[in-house]
Amino acid sequence: MPRPDVDQLVINLQQISYFKGLDDSTLLDLARDAVWKDYAVGEVIFFEGDQSLGLYYLQTGWLKVVKSSLEGREQVLRFLGAGETFNEIGALASRPNPATAIALEAAGVWLLRRDSIRRLMRERPDFVERVIENMSDRVVELVTLVADLSLRPVTGRLARLLLDDAEGDVLHRPRWYTQAELASRLGTVPDVVQRAMRGLEADGVIAVERHQIKIRDRKALEKLIA
């Protein structure tokens with residue numbers, strides 16, 4: 001798709017917690033220096049260990065952020081949808097990219113250059129405060145993920161994912177949301193996820209459909225993660 005209008009990027013940035021309260025001229029300077037790129041399905045936005053170029057904003061599509069073992073096993077850290085930012089640590093902490101980002105479907109991504117972000121941090125302490133708050137939330141999410149992988153059975157991990165990611169009582173499943181992707185998010189293999197889902201469905205807790213999973217008994221899921 002053609003490069004979107006910079007004024008639209010400014011409007012989009014105003015909706016992100018990092019940038020709320022910043023004046024239009026400051027956001028326009030940031031947007032004018034941003035770089036737009038389209039990615040095809042399966043294309044890598046950046047690799048773990050590479051030098052970070054900045055903070056990314058996903059305008060269209062879906063991505064996943066993953067860590068991979070030497071044997072090729074993949075752990076999904078996060079699924080990302082339109083309107084989200086990612087790679088905060090690599091962009092803000094003078095460190096290489098901590099993970100790899102891959103397009104799950106055709107995606108349009110803005111790169112907010114690292115120099116521009118760092119300049120904004122020097123000029124606006126209120127921006128720094130919001131960045132710290134947001135990164136703290138991400139740390140909590142990662143600690144929760146580690147605890148789930150270490151201490152919770154697959155059914156409990158699945159229950160938490162359903163409760164966290166569902167909109168209302170429905171988890172929508174785009175075409176890319178396969179059993180393999182779900183298993184990678186939960187740190188297991190597809191067969192184990194399938195058995196867990198069948199068990200919850202047999203107990204009347206969820207209803208599994210082709211493009212969505214419906215929560216029928218929210219209290220039962222909450223008990224599994226208590």
Side-chain angles (χ1 to χ4, degrees), residues 1-5 8-9 11-19 34-48 50 52-68 72-91 97-112 134-135 137-138 141-142 144-145 148-149 157-158 160-190 193-194 197 206 208-215:
M1 64 179 292
R3 186 181 192 268
D5 186 83
Q8 183 59 53
L9 176 58
I11 294 172
N12 294 342
L13 293 179
Q14 289 171 338
Q15 308 307 311
I16 299 172
S17 58
Y18 290 157
F19 304 109
V35 178
W36 169 264
K37 187 172 180 181
D38 294 302
Y39 294 90
V41 177
E43 192 172 356
V44 173
I45 289 80
F46 55 76
F47 285 97
E48 176 182 354
D50 285 353
S52 173
L53 300 177
L55 178 68
Y56 294 82
Y57 172 76
L58 178 59
Q59 178 150 322
T60 60
W62 282 89
L63 309 177
K64 62 179 177 180
V65 179
V66 305
K67 297 280 286 186
S68 299
R73 183 170 179 177
E74 185 180 276
Q75 172 65 54
V76 174
L77 302 179
R78 189 179 176 192
F79 290 130
L80 292 159
E84 296 190 73
T85 56
F86 57 104
N87 204 41
E88 292 88 345
I89 293 177
N97 299 322
T100 297
I102 305 170
L104 291 165
E105 58 183 50
V109 178
W110 285 102
L111 167 64
L112 306 176
N134 193 285
M135 291 185 70
D137 291 340
R138 288 294 301 137
E141 290 175 13
L142 292 173
T144 300
L145 174 60
D148 278 352
L149 292 174
R157 289 179 238 163
L158 176 59
R160 181 185 291 279
L161 183 145
L162 292 171
L163 290 171
D164 288 348
D165 291 359
E167 298 178 7
D169 285 333
V170 178
L171 175 65
H172 298 283
R173 302 176 69 184
R175 183 177 300 178
W176 54 263
Y177 208 122
T178 62
Q179 294 279 18
E181 291 292 352
L182 182 56
S184 183
R185 180 69 179 86
L186 296 175
T188 186
V189 295
V193 170
Q194 189 173 38
M197 291 178 67
I206 63 174
V208 181
E209 300 176 4
R210 185 174 182 180
H211 297 299
Q212 61 185 20
I213 301 172
K214 294 181 178 178
I215 298 175

How long is the straight-line distance from [atom2] of [Y] back to [atom1] of [X], given to the nearest 0.5 Å?
| X | Y | atom1 | atom2 | result |
| --- | --- | --- | --- | --- |
| I206 | M197 | CD1 | CE | 5.0 Å |
| L149 | Q75 | CG | CD | 5.0 Å |
| L104 | L80 | CG | CG | 9.0 Å |
| L158 | I213 | CG | CD1 | 6.5 Å |
| W36 | D5 | CH2 | CG | 12.0 Å |
| L112 | T85 | CG | OG1 | 8.5 Å |

Contact summary for [X] and [Y], nearest pair of heavy atoms:
| X | Y | result |
| --- | --- | --- |
| V65 | A99 | CG1-CB, 3.6 Å |
| Q59 | N12 | OE1-ND2, 3.2 Å |
| E105 | G61 | OE2-CA, 3.5 Å |
| A40 | A103 | O-CB, 3.3 Å |
| P190 | A180 | CG-CA, 3.9 Å |
| G108 | D38 | CA-OD1, 4.2 Å |

[X]: what forms a side chain to side chain contact (heavy atoms under 4.5 Å, CB included) with it, not counting sequence neighbours?
| X | answer |
| --- | --- |
| S17 | N134 |
| V189 | V192 |
| A82 | none |

note = Across all chains, not counting sequence neighbours, the salt bridge (Lys or Arg N to Asp or Glu O under 4.0 Å) partners of K214 are E209
ask   = Can you name the salt bridge (Lys or Arg N to Asp or Glu O under 4.0 Å) partners of E43, sequence neighbours left out?
value = none
Salt bridge (Lys or Arg N to Asp or Glu O under 4.0 Å) partners of residues 168-190, not counting sequence neighbours, each pair once = K64-E181, D169-R218
ask   = Pairs in or reaching into residues 80-89: which pass salt bridge (Lys or Arg N to Asp or Glu O under 4.0 Å), with residues at least two apart or in two chains?
value = R78-E84
Are side-chain heavy atoms of [X] and [Y] found at a separation under 4.5 Å?
| X | Y | value |
| --- | --- | --- |
| L9 | Y57 | yes |
| N87 | P98 | yes |
| K37 | V109 | no |
| Y177 | W62 | no |

Which residues pass the ring-ring contact (aromatic ring centres under 6.0 Å, His included) test with [X], sequence neighbours left out?
| X | value |
| --- | --- |
| F19 | F127 |
| Y56 | F46, F86 |
| Y18 | none |

Could you go through residues 161-168 and list every donor-acceptor pair under 3.5 Å that involves a side-chain atom there, pairing it with any protein atom two or more places apart or in another chain?
none

inquiry  = With a 3.5 Å distance limit and no angle check, can you tell me whether S52 reaches the backbone of N97 through a side-chain donor-acceptor pair?
reply    = no
note = Contacts of R157 meeting side-chain hydrogen bond (donor to acceptor under 3.5 Å, both in side chains) (sequence neighbours excluded), chain-then-number -> none
